[in-house]
Amino acid sequence: MMECVSFLRQVSLGEEVKLGDKVAVIGGGNAAIDASRTALRLGAKEVIIIYRRTRAEMPASPEEIEEALHEGIEIAFLAAPSKIARDNG
């Protein structure tokens, strides 16, 4: 688990970042959109953004949301995780 801004900073500095095949990003701002698109470009097979409100309430710019969807990123609206668990590493 990692914060979006820390993840983006590591990537921009050229540091190695290990991702699984599936990446979940919690949040709806521009950092969440950037992190999800970056994870996809780094090789994640599936990326989902989990956001607790509706699309209309997302603070990220509408153009960025559209681009993320166009790239194949899924967005789960009106969803909030109750726990985060890691199986097999």
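The shown structure was predicted, so the numbers you read here are calculated from the model rather than taken from an experiment. Atoms considered below: every heavy atom in the structure, side chains included; atoms not considered: hydrogens, waters and symmetry mates.
- Applying the side-chain contact (heavy atoms from CB on, under 4.5 Å) rule to T54 yields the partners A56, E57, L78; only residues at least two apart in sequence or on another chain are considered.
- Considering every non-hydrogen atom in both N30 and S61, the closest pair reads OD1-N, 3.0 Å.
- Under the side-chain contact (heavy atoms from CB on, under 4.5 Å) criterion, R41 pairs with R37, E71, sequence neighbours left out.
- Annotation: salt bridge (Lys or Arg N to Asp or Glu O under 4.0 Å) contacts involving residues 10-34, sequence neighbours excluded, are absent.
- With sequence neighbours excluded, the residues satisfying side-chain contact (heavy atoms from CB on, under 4.5 Å) with P59 are Y51.
- Both L40 and L42 are assigned to one and the same hydrophobic cluster, defined by single-linkage of ILVMFWY side chains at heavy-atom distances under 4.5 Å.
- We find the CD1-OG distance between I50 and S36 to be 11.5 Å, quoted to the nearest 0.5 Å.
- Remark: R9 pairs with no residue by the side chain to side chain donor-acceptor pair (under 3.5 Å) rule, at least two apart or across chains.
- When the shell of 6.0 Å around CD of Q10 is examined, it contains more than 12 heavy atoms from other residues, nucleotides or ligands.
- Separating the CD atom in E64 from the CE atom in M58 is a distance of 11.0 Å, to the nearest 0.5 Å.
- Here I49 contributes atom CD1 and I75 contributes atom CD1; the two are 4.5 Å apart, rounded to the nearest 0.5 Å.
- In terms of heavy-atom proximity, C4 sits nearest to A32 at SG-CA, 3.9 Å.
- Counting only residues at least two apart or in different chains, salt bridge (Lys or Arg N to Asp or Glu O under 4.0 Å) contacts with residues 47-56 comprise R55-E66.
- Note on M2: it clusters hydrophobically with I33, by side-chain heavy-atom contacts below 4.5 Å among ILVMFWY residues.
- Criterion: ILVMFWY side-chain heavy atoms under 4.5 Å apart, direct or through other members. Under it, I65 and I26 are not part of a common hydrophobic cluster.
- Minimum heavy-atom separation, V47 to A39: CG2-CB, 4.2 Å.
- Legend: residues meeting side-chain contact (heavy atoms from CB on, under 4.5 Å) with E74, ordered by chain and number and at least two apart, are I48.
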